[in-house]
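Structure first, commentary second.
Lettering of chains follows the sequences in order, A, B, ..., and the numbering in each one begins at 1.
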4 protein chains.
Amino acid sequence: MTNSVAAERTQKLYDAAVQQFLSRGYYDVDVAHIAAAAGVSHGTFYNYYSNKRAVLHAIQQTTEDAMVKAFSGLRSASAPTTRDEFIDEFTARIGSGMTFMNRHAELMRFVAVTAVGVDADAMDKALVGYERLGGTITEFLAFGRERGWVHADIDLTLAGQAVISVVVTALQPVLLEEAVDFDAAAAAKACATYLLSGLRRPKNSD
Amino acid sequence: MTNSVAAERTQKLYDAAVQQFLSRGYYDVDVAHIAAAAGVSHGTFYNYYSNKRAVLHAIQQTTEDAMVKAFSGLRSASAPTTRDEFIDEFTARIGSGMTFMNRHAELMRFVAVTAVGVDADAMDKALVGYERLGGTITEFLAFGRERGWVHADIDLTLAGQAVISVVVTALQPVLLEEAVDFDAAAAAKACATYLLSGLRRPKNSD
Amino acid sequence: MTNSVAAERTQKLYDAAVQQFLSRGYYDVDVAHIAAAAGVSHGTFYNYYSNKRAVLHAIQQTTEDAMVKAFSGLRSASAPTTRDEFIDEFTARIGSGMTFMNRHAELMRFVAVTAVGVDADAMDKALVGYERLGGTITEFLAFGRERGWVHADIDLTLAGQAVISVVVTALQPVLLEEAVDFDAAAAAKACATYLLSGLRRPKNSD
Amino acid sequence: MTNSVAAERTQKLYDAAVQQFLSRGYYDVDVAHIAAAAGVSHGTFYNYYSNKRAVLHAIQQTTEDAMVKAFSGLRSASAPTTRDEFIDEFTARIGSGMTFMNRHAELMRFVAVTAVGVDADAMDKALVGYERLGGTITEFLAFGRERGWVHADIDLTLAGQAVISVVVTALQPVLLEEAVDFDAAAAAKACATYLLSGLRRPKNSD
DNA sequence: AATGAATGAGTTTTCATTCAT
DNA sequence: CATGAATGAAAACTCATTCAT
């Protein structure tokens, strides 16, 4: 398929751009670098991305999508039916998100630090993405509240953001420093527990 | 005094640069913009800063110094003599730091987000500044430990950084969103309490 | 061939630069002038030369090479086998060199006068080139000495330089004034005779 | 006298300019350098020279005048009355000129190499000066010819230039290299002899 | 006269983007 | 589609010169 060849080439350029941006920032990389790293001429770049800015946008978008997916958990289809399943799922989502972020620490650093500083649009895009990420959690919490598993008087939007904040905070050492040993599973457990003990309605007050 | 005129002009350009950088980022601002905002020609800019990069450095340095000062507390000379005074001083420092950051939220966002992404040197400068800030707290905690007011088995360097992290986290809403109502005093109290309950040696174990 | 197109364009820019430099000096010519004279935009210039300084270097190098070639004679392969052939060859080389310099008097003036004053590097390059040119003669004289055709007690390095000096001196009217009638062949004969009567070992002392 | 203070200051700036130009060329020196080297502010420079170009012109003019003077001999007033006196005077003038040039080798290099390359006007000024210098000799030779001491069929203008050329050639090692031992008196003698044997009418043909 | 702050014309250089082949 | 030569807008920076003090 011609299409898949094109897709492949697009991906190659995407990967090259990520690699270059990660190691040299946005402004110190030019289209020729990206094209060279992808093994094509710089003219070819413009057959796949309309301009340099577009590839940054793509990276932000793709990363955002992947993060949303990571925080959305695997069992999104079959919703939890009990409070315990709900809690397990919550923990799993935190764990999945943290694992993703831990695995792609450099990419995280790029989208959270470098990309954000490129221009006002990039900053906006990042903030919207941040909110969307929180929204994922908010949605899940809302599902839990409908079933009485979550305090009724919590601002769920805020709570969603807070969850992301706590996770990001827990990952700070990984994001700021180079290669640190980090037990994502343990951290996720701790985070979840911390978050839940604050969020969930005590059983006996049912 | 010739000196004060020069200082005044330098300040004018500094302020103009901050203002421009905050609203348009680093790369979307050129020297002519800064000079125009300061009411001088672009050539004049170079009589006060050797180049565009130099103002950024100055902003980072000045902000770092101001933050260090804010977190250093007022009563640095007359050191606390009792555990309670120590705790009060600790709380005061957190409060002073948070108040500063809250008051200069936009500047904080610039140095923490935009500036950091400018280039590798800016990133380094920011990380070193972050460590210096933590060091301020570390020093204070070390003073407390000598007097038995702080757990003996805590890594004080790490603890210093952690305090800054917690404060930053608490301020996240202010830093990321535009103008949010924020009760710095209350937040500081909460932070301090949280941090102290983890840091301080329980009285009964004396 | 892509290569030849590039070479052609490089040559076009080279020629334009020479033309501009000859008529207006180095500092009064800017890259835009050169590009315009070559019929391309100034941006294009930088696709062929990394900067303005690089063309100057190229001109120096190319001219130096051409001069070395001119002074190297045609019969370099089949070395002279008799004293008379040696003298003929020597005379031929002087003649070839002078003819070249006479034909490119303006270029000579540029590399010897204007280029030399551009900066310290240009001066160095010129001096090294001057020595290399002398070296060409030195080499030839050394060949003659091995066969007993040249005085044994002459410093050949010095002699090589001296030959060039004498030739340049003889050409001074051409180099300093605009278009002067100049009989290169006659001048070469005179120079060679003058130089040889000093250099060659008298026959009767054999 | 106010005048002499001004003259002194002008001289100071002149000397500073010469010193700077000699060591760094024309274009790498800016007015601020010259002023600083003279111990005044750069604004003051413009009270003594209308612009940077003017001081170059002054250097060329002053040097030219000094050279003309050096080649004009001491006994210009009391003209030689015999052929031998004429020859002695000729030799003395060559010697005086060479001594001057040898003593100010760096300055010579500057006016002959660096200054000449500055712009078209500087080149013209140098050529005119060169001709004027030759004219000094031409004049002297004309005086000799009137008395029958110089060949009648020599082009005296050309001869004047040639004398300067020979002298410059003889000084080439001094002008091109740094500090070389150079016996100006001996060189002058040689030059004069060489020049005279070509120029003077043989005694026996009287 | 001396000063030095201010100016802005002028130059170099970069690089995203276009487009003919 | 791929290529890479050409383009020119844009920006940083320099420095001779002016002029108010």
Inset, instruction - Please report, rounded to the nearest Å, how far the P atom of F:dC15 is from the CG atom of D:D30. - result: 5 Å
Inset, instruction - Please report, rounded to the nearest Å, how far the C1' atom of F:dA16 is from the OH atom of D:Y49. - result: 17 Å
Inset, instruction - Would you mind telling me which residue lines up with the more 5' stretch of DNA chain E, D:F45 or C:S50, judged by nearest nucleotide? - result: D:F45
Inset, instruction - Specify the residue among B:T44 and C:R53 whose closest nucleotide of DNA chain E lies further upstream toward the 5′ end. - result: B:T44
Legend entry - Closest to the D:S41 side chain, choosing from E:dC15, E:dT3, F:dA16: E:dT3
Inset, instruction - Decide whether D:D15 and D:Q11 meet the rule of one side-chain donor and one side-chain acceptor closer than 3.5 Å. - result: yes
Inset, instruction - Give a yes/no answer on whether the side chain of C:N51 brings an N or O atom under 4.0 Å of OP1 or OP2 in E:dT12. - result: no
Legend entry - Pairing of A:D65 and A:R132 as salt bridge, 4.0 angstrom limit: yes
Inset, instruction - Look through every strand shown and name the nucleotide pairing with E:dT14 as Watson-Crick or G-U wobble, where both distances are under 3.5 Å. - result: F:dA9
Legend entry - Nucleotide F:dC15, atom P - distance to NZ of D:K52 in whole Å: 8 Å
Inset, instruction - Let me know, please, whether B:N47 or C:G43 comes out on the 5' side of the other along DNA chain F by nearest nucleotide. - result: C:G43
Inset, instruction - Give the rounded distance in Å between these two atoms: CG of A:L13 and C1' of F:dA2. - result: 12 Å
Inset, instruction - Take the protein atom CG of C:D28 and the nucleotide atom C1' of E:dA9, then report the distance between them rounded to whole Å. - result: 15 Å
Legend entry - Distance test, side-chain N/O of D:Y46 to OP1/OP2 of E:dA2, below 4.0 Å: no
Inset, instruction - Using the ring of B:Y26 (Phe, Tyr or Trp, six-membered ring only), decide whether B:K52 places NZ or CZ under 6.0 Å from its centre and within 45 degrees of its axis. - result: yes
Inset, instruction - Please determine, for the side chain of A:V40, which listed nucleotide (E:dA6, F:dT3, F:dT17) has the closest atom? - result: F:dT3
Legend entry - Minimum-distance nucleotide to A:Y48 side chain [options: E:dT11, F:dA16, F:dC1]: F:dC1
Legend entry - Interatomic distance, D:L107 atom CG to D:T62 atom OG1 [nearest 0.5 angstrom]: 9.5 Å
Inset, instruction - Walk me through it: do B:L13 and B:Y49 pass the test side chain to side chain contact (heavy atoms under 4.5 Å, CB included)? - result: CA-CA 9 Å; B:L13 281 162; B:Y49 290 99; 4.1 Å; yes
Legend entry - Rounded distance in Å - CD (C:E8) to C1' (F:dA6): 15 Å
Legend entry - Donor-acceptor pair (no angle test) under 3.5 Å: B:H42 side chain, E:dA6 base: no
Legend entry - Protein-nucleotide distance (C:L56, atom CG; E:dT12, atom C1'), rounded to Å: 16 Å
Inset, instruction - Could you tell me which nucleotide pairs with E:dG4 by Watson-Crick or G-U wobble geometry, both distances under 3.5 Å, or answer none if nothing does? - result: F:dC19
Inset, instruction - May I ask you to evaluate whether D:R9 reaches the phosphate of E:dA2, defined as a side-chain N or O under 4.0 Å from OP1 or OP2? - result: yes
